[in-house]
Each structure stands twice: as C-alpha cells, then as structure tokens.
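Down below is the structure, laid out as structure tokens.
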Amino acid sequence: MPADAHTVADLSRLLQTRAITSEEVTQRCLACIEDRDQSINAFITVLSEQARAQARAADSEIAAGRYRGPLHGVPISLKDLIDVRGTPTTAASRVRAGHVAASDAAVTTRLRDAGAVFVGKTNLHEFAFGTTNEDSAYGPVHHPLDLTRSPGGSSGGSAASVLAGMAFASIGTDTGGSIRIPSSVCGLVGLKPALGEVPTDGVVPLSTVLDHVGPMCRSVDDASVVFQALRGTRNPTPTRPRELSGLRFGVPRPYFLDWLDPEVAAAFDAACARLTRQGVVLQDVAIPHAPLAGPVYVHLALPEAAAYHAATLDSRPDDYTPNVRFRIEMGRYVLAQDYVRAMMGREALMRDVNAALEHRDGLLLPTMPMPATTLGATTISMNGVEEPIRNAMLRLTQVFNITGHPAITVPCGKTRTGLPIGLQAVGTRTSDLIDVAAAIERVLEP
Amino acid sequence: MIDVRLAMTLETWLEQATQDAERRGLVALRPLLEGLARSTAALRAADWNLDLSGPAAPRSMPNAR
C-alpha cells in the first residue's frame, strides 16, 4: 500500500493529481493478495489481468482529463455473490460450479461506470447462509489479525481483503448482518443501506425482504463514496459530519445490551461517554418485540431460501456444504401460515423501531456481542449463558434487516489482545445516518 | 375441547416433519427441526397474531411491503 494512501479518499487524491498510477496501486494490491492470501483465503477468484487492464484504462482516461470521480482507478473487491460479466459467481458453492456471469450485476455496472478496478471476487459463507465464513466450498476465511479466528460473515472474504490491504474497499451483502458483522470484527466501516436503496439485480439472493447490498470500507467517507456509486450517483457529494452537540440517540438496552462480552460492553460504554462529553444526549429506549427477531428472521429467510434452492437441493444435494444444506432443508418444512405470522412480526418490529427513532437522530448499540470468534466454535458462552454461535452473532443486527432501517458499524475500540470492536448506529435515512456516523467516527478515532 | 385427531398442532407438525426427514435419509435434520419448532412456538405466541376467537374485534391485516 502507498504509505500515504490508506483510504479511498487518500488514494483518489493521489490518482487525480497523478502522483500515483492506478496500475501501480493495483499491482501492489495484487502482490499483497499473492503474498498473504494463501493464509487468509479471502479470494475465490483473483482478476489479475482484468484488473491490470482496468487500471491501465483508468490511467489513460485520467491523463486525458476524463476523471470519473473518487472511485476512478481504485482497486476494490466484490463478494462472490455479485455478478461480474465473464467471470464465475460461485456463491462459495460447488452447486455453482461452471457458472459464468453473462452480464454485470446492476451494482457492478455502476462501479464500472465510476471507474473502479475489480481485483477479485471474495470468499463468503456458502450462499450467504452463515456468519462465520467457515462453510465454503473454497475453505474458511481466516481473520488477518489472528488466523485462528473467523473474520465474521457472510461477507468475511470482503472484510479480510480490505483489512489485509488487498483492496481499498469491498462490496458485500447483508441479510442478517453480513456486512456489519465482519466489518465490526475487522475494524472496518460497514453500511447496510435502507431496504431497496441499492439494487440487488444480478446478486445471488437469500431473501428478497431481507437482502441488502452495501460497502465495506476503512472510513465513513469512503463508505459514503462507494454507497453513492452503488446508487448510481455520478457526482458524489462529500459527507457533512453533523455537529454532535444536541443530537439525541436512543440506546436500546433491554435485549440488545443484556448479553455482551465484558470488553465489548466496556468499549461501548466508553464510546457513549466520549459522545456524551461532546454534547450528545443518550436516552434509554426499548424495542419490545426484539426478542422475537430470531423467530421472525428464521421464518422469513428459510422458506425463501428453500424455494430458491428447491431444484438443486433435489438434484445435487451433496454439492452443498452439509451445514448450509440442512439449514436450507429446514425451510422446506416451514408452513405458509407461519411465514405470514413472520411478515406480521416484521410489521410489529418496524413499528417498534420507528417509535424508538421518533424525535431522535438515531439509535446506538454495539454491532456484535463479542469480538471475532474462534474458527470451529459452534457455541459461545458469556456471562453464564451459552448460545449457538449463529444466533449470537446475528443478535444485534438482524432486527434492522427485518425492518429495513439503514444501519452502519464504525470502529469503537479494541480488546486487550487487539481485536476490533464495532459500534452500530441505526437511522431513518441513509444519507443522514452517514453524516451522523462521520461525526461519531471523528470522536471515536484513536 | 380440541379434537387432537383434527388439530394441526406443532407437535403433530414436528412428528410428521421428522418422519419425512428420516424417510429422506436426513436424520441430521431432527435437532434442527426441534429447534425450528421451538422458534415457531415463540412466533405463534407473539402478541401480533390475530385470533378471531378472542373478545377483541379483528384488526385489518397489515399490507406486506
């Protein structure tokens, strides 16, 4: 990585002034992949030749005065659920062996128009159906800071690629927390926009009512730039960090703060104290139906997945990883009446979150109850209570997939052993949430 | 009094789902289906569910979005 270019914002300034070329920085990313990816396993497909060609094209255009904007010439990665024409979209599954995307996903087209360079397709939990990135036909992804740990999932390869310096940003998907969870445990900014804001055409689905596409970056400014590109905005506007004094946030203590790793609890409390010293007003709120988010989520996601996978579950069941196969099989047994109950539960949770946000600038809570988990763990025990690891990891994020509210994670501290901890902000409008998050980020920066 | 021969309870659902999974050679599904049954029970007990046999007038169904 160039010593003076850590973020997309830094790099774009250097590229625009031609202090560095896209070809040079892309080659450094590819070299980093070659050097480190054998141990991290962030990538399924590395697009070396494509990336170099895109980088050379970007350099030519910039030299000719045809600068496209802050993503022009910037190397990024894409979760391997997102179609890039002419390349496989594996979804980390043998079920998709032989697939080649005939066309770009809508977001890929927009990123291409913005001049981004695609270094590769990242590893993920198979079909996005998990939170640890361990169940993948291409092997697990390892956390770049501790190879014995998971980088989170399902967009684990995306997060690892950015943390390890293999890309300046990545595009992930989030159905229950799959952008925010890996971003949190990898010390990144991860944005789940509001439902429907970013198109999902050309992205392998998990659930039509829960799926979101969004950026995973090193800063809120970068997330804003990438988000605007995903929306198709040709001239992105910079973030406008809000004046924090006087802003009001709800903290949903019941349920969300009931079961936390002590270091996560301490980091969240410390972040709240720092924000309070800046004049932020914090108020305890409740989301009464939050304890039912898990049942609602399961009864929405599982039957949708079962419907999508019906043909291949029958024709090639052994091409799925066993854990993912059995979870999708469960969806075949969900009754239609219970799907309807879950949709009613979705309405109830929407009302709860809207009420909690009323007359407030957002909600604040931790992103994950614990830091990065150990690869191979199936349960986690905290404060005398043991939970299956998937349930634990989704606990603080999946509500906002159900309700569709925008949510973003920003780094807010580290454990004693250096593992990142994330703070999650939830809002009503994504653009406002980004401006609030930019201000929070400045306060929480070490 | 509910006639259990006619009732479609979670217990009967679980029994039949488990039998079907075993018929298909998916014995590993059993604990997952038991967990799903617990989740379904919680969903069905939620206060947002309509109950026409109750004293309150039924609400209109919310529009799915």
Side-chain angles (χ1 to χ4, degrees), chain A residues 194-196 208-210 288-303 306 313-314 317-318 320-352 378-379 387-388 390-391 394 402-404, chain B:
Chain A
L195 184 67
T208 57
V209 300
L210 301 171
H289 294 100
L292 290 165
V296 168
Y297 178 86
V298 156
H299 288 82
L300 293 177
L302 289 184
L313 277 181
D314 286 339
D318 294 330
Y320 290 86
T321 60
N323 287 337
V324 170
R325 176 197 172 184
F326 289 131
R327 283 190 58 77
I328 301 174
E329 281 281 2
M330 273 209 298
R332 296 179 128 174
Y333 295 97
V334 173
L335 297 177
Q337 59 175 295
D338 294 312
Y339 178 85
V340 171
R341 289 189 176 98
M343 288 297 280
M344 295 170 70
R346 180 170 175 244
E347 296 284 331
L349 282 163
M350 285 178 180
R351 289 191 293 270
D352 284 356
T378 56
T379 62
E387 286 280 348
R390 182 187 306 104
N391 297 2
L394 293 174
I402 295 168
T403 66
Chain B
M1 171 88 89
I2 292 176
D3 185 341
V4 296
R5 294 170 302 169
L6 299 177
M8 190 175 184
T9 64
L10 265 180
E11 289 73 24
T12 55
W13 168 85
L14 179 60
E15 181 183 337
Q16 289 164 7
T18 306
Q19 285 174 359
D20 185 71
E22 289 174 357
R23 175 189 65 78
R24 298 170 58 217
L26 301 176
V27 176
L29 265 185
R30 185 184 190 99
L32 296 176
L33 289 170
E34 289 168 352
L36 179 59
R38 288 190 292 273
S39 184
T40 305
L43 186 74
R44 291 183 178 186
D47 62 5
W48 62 68
N49 290 302
L50 299 176
D51 180 5
L52 292 178
S53 65
R59 321 190 283 280
S60 57
M61 287 283 283
N63 292 326
R65 280 183 222 147

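Naming: A, B, ... by sequence-line order, numbering from 1 per chain.
- Heavy atoms closer than 4.5 Å to chain A are found nowhere in B:Arg38, neither backbone nor side chain.
- In this structure, B:Thr18 contributes its side chain and B:Leu14 its backbone to a donor-acceptor pair below 3.5 Å.
- The greatest number of non-hydrogen atom pairs below 4.5 Å with chain A, out of B:Ala46, B:Ala28, B:Ser39, is found for B:Ser39.
- Heavy atoms of B:Ala21 lying under 4.5 Å from chain A belong to its backbone as well as its side chain.
- A:Arg332 places no side-chain N or O within donor-acceptor distance of the main-chain N or O of A:Ala306, the cut-off being under 3.5 Å.
- Counted by atom type alone, B:Arg23 and B:Gln19 present zero donor-acceptor pairs between their side chains at under 3.5 Å.
- Using a 4.0 Å cut-off between charged side-chain N and carboxylate O, B:Arg30 and B:Glu34 make a salt bridge.
- For a residue to count as touching a neighbouring chain, one of its non-hydrogen atoms must lie under 4.5 Å from one of that chain's; by this rule A:Val296 touches chain B with backbone and side chain alike.
- In terms of heavy-atom pairs under 4.5 angstrom with chain B, the leader among A:Pro322, A:Pro295, A:Pro388, A:Ala342 is A:Pro295.
- Side-chain contact between A:His289 and A:Arg351 is absent, with no heavy-atom pair separated by less than 4.5 Å.
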